[in-house]
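To start, the structure itself, in structure tokens.
Residue numbers run from 1 in the order of the sequence given. Because only heavy atoms are used, hydrogens play no part in the values below, and waters and symmetry mates are left out as well, while side chains stay in.
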Amino acid sequence: MNPEIRALQQKMADINSLLATVELNHFAHKLVEKELLSYQSMSSILNTLGYSKAHQVSQLMASVVAQVSVTPKKFEDFVKILSADPALQRLTEELTKTYRNLGGQLLDIQWEEPASPITNEPDLPTLLNEVAAVIPAKWRAVGNLLKVPKGVLDGMERYHSPLDSFERVLTEWNSRRCSTYSWDTIICVLKSPAIGEVALANELAAKYGKVIFTCVHQRKVTLVCTHLRCITMATILHQSN
């Protein structure tokens, strides 16, 4: 067994414990960038309902181990991903030390202060003006894709104005965080076949889209959104109700 796999196995409990404290969406996308995880696996792990965060971490690390076992040099890519997060730098040092003690070669890791993460959370007034006011009649379809609970959406039917219902949908999305609260999420939703507002989505993406990849999952639909385009990563399956 190579020292890369042995080091991962010896530190796996610490890795799993600390990864459970960080934002997994960003971490998983870094794994995909370094080919330590496939897009399909990322989508399945992060968006399957009922998965605990501990289970998600376990599945992500299983993919890392599998890739490193085939290509040991990917161990260095994994260590670099860890080193970019200040919360994981001590773990990175311990993992690197364990690896070297097992006979591993010196890793080329540069300990730099990472740049501040880019956030692109929308504010409610802008959402109302640039989304709700443009497509007020689609409030329920948007709410479904944002994972606002059905019972909550049913209660909005009493509002006289679709715009009032849309405002409530956006308020619930913000407060509940039932899906990732970002411009990229709403852009993906607008580009989905259920909404079909591609031109509006592209306009918003040009203004507000900053994150490379953001996953949105609703029932069995998974979309991955890039700056100006959405790629369907999983087929839309009929519900067996």
Side-chain angles (χ1 to χ4, degrees), residues 4-5 7-9 11-72 74-85 87-88 91-92 95 117-121 144-149 173 176-182 184-189 191-192 211-227 229-240:
E4 290 83 3
I5 293 297
L8 286 173
Q9 290 180 340
K11 301 300 295 183
M12 189 60 71
D14 292 337
I15 293 172
N16 287 346
S17 177
L18 281 175
L19 285 182
T21 67
V22 303
E23 205 283 304
L24 287 185
N25 189 55
H26 176 74
F27 176 75
H29 282 101
K30 288 298 182 183
L31 294 181
V32 171
E33 287 177 19
K34 296 297 184 180
E35 299 182 347
L36 286 159
L37 180 71
S38 70
Y39 289 118
Q40 291 83 357
S41 295
M42 177 188 69
S43 175
S44 175
I45 292 169
L46 295 184
N47 295 309
T48 299
L49 297 178
Y51 276 9
S52 66
K53 194 169 186 180
H55 183 72
Q56 290 175 326
V57 169
S58 175
Q59 293 295 303
L60 292 174
M61 286 308 302
S63 176
V64 170
V65 171
Q67 293 299 321
V68 172
S69 66
V70 174
T71 310
K74 288 190 176 296
F75 175 79
E76 184 168 345
D77 291 330
F78 176 67
V79 174
K80 287 180 178 179
I81 292 172
L82 294 181
S83 71
D85 189 329
L88 300 176
L91 171 63
T92 310
L95 179 60
I118 295 174
T119 61
N120 68 337
E121 289 195 356
N144 280 329
L145 289 172
L146 292 176
K147 297 186 185 178
V148 176
W173 178 41
R176 291 174 181 268
R177 302 297 169 116
C178 34
S179 58
T180 303
Y181 188 73
S182 70
D184 295 275
T185 297
I186 198 69
I187 288 165
C188 274
V189 165
K191 286 191 175 186
S192 70
V211 179
I212 296 175
F213 282 100
T214 301
C215 291
V216 182
H217 182 78
Q218 195 274 332
R219 293 180 184 152
K220 294 188 177 180
V221 182
T222 302
L223 301 174
V224 173
C225 210
T226 59
H227 209 195
R229 62 194 177 93
C230 284
I231 306 170
T232 301
M233 296 297 295
T235 57
I236 300 175
L237 305 178
H238 292 292
Q239 291 234 332
S240 55

Seminar exercise, completed: All heavy atoms of L88 vs all of L82, minimum pair found to be CB-O, 3.5 Å

For this session: Kindly state each residue pair satisfying salt bridge (charged side-chain N to carboxylate O under 4.0 Å, His left out) with at least one member in residues 14-23, sequence neighbours excluded.
Result: K11-D14

For this session: Can you sort out the partners of S17 under side-chain contact (heavy atoms from CB on, under 4.5 Å), two or more places apart, ordered by chain and number?
Result: none

Problem set entry | Pairwise side-chain contact, L95 with F75, heavy-atom cut-off 4.5 Å (strictly under) | yes

Problem set entry | Shortest non-hydrogen contact between W173 and V148, atoms and distance | N-CG2, 4.4 Å

Exercise. So among S44, S38, S43, which one has a side-chain hydrogen bond (donor to acceptor under 3.5 Å, both in side chains) with S41?
Worked result: S38

Problem set entry | Nearest heavy atoms of S192 and L145, plus distance in Å | OG-CD1, 3.1 Å

For this session: Verify side-chain contact (heavy atoms from CB on, under 4.5 Å) between L31 and M42, making sure each step is shown before the conclusion.
Result: CA-CA 9 Å; L31 294 181; M42 177 188 69; over 6 Å; no

Exercise. Tell me, do D85 and T92 make a side-chain contact under 4.5 Å, heavy atoms counted?
Worked result: no

Exercise. How many angstroms lie between atom CD of Q9 and atom CE of M12, to the nearest 0.5 angstrom?
Worked result: 7.0 Å

For this session: Look up atom CG in L37 and atom CE in M61, then write down how far apart they are to the nearest 0.5 Å.
Result: 11.0 Å

For this session: Would you check, one step at a time, whether the test side-chain contact (heavy atoms from CB on, under 4.5 Å) holds for L36 with V68?
Result: CA-CA 8 Å; L36 286 159; V68 172; 4.2 Å; yes

Exercise. Is any side-chain heavy atom of L19 less than 4.5 Å from a side-chain heavy atom of L60?
Worked result: no

Exercise. Out of curiosity, L24 CG to Q59 CD, how far, rounded to the nearest 0.5 Å?
Worked result: 12.0 Å

Problem set entry | Distance, nearest 0.5 Å, that separates CG of D77 from NZ of K30 | 11.5 Å

For this session: Write down the atom of P72, the atom of E4, and the distance for their closest heavy-atom approach.
Result: O-CG, 3.6 Å

Exercise. Of the non-hydrogen atoms in Y181 and E121, which two are nearest, and what is the gap between them?
Worked result: O-CG, 3.3 Å

Exercise. Side chains of I5 and V65: closer than 4.5 Å at any heavy-atom pair?
Worked result: yes

Exercise. Nearest 0.5 Å, what's the CD1-OG distance between I15 and S58?
Worked result: 12.0 Å

For this session: Mind jotting down which residue pairs meet the salt bridge (charged side-chain N to carboxylate O under 4.0 Å, His left out) criterion with at least one end in residues 34-53? Sequence neighbours excluded, please.
Result: E35-K74

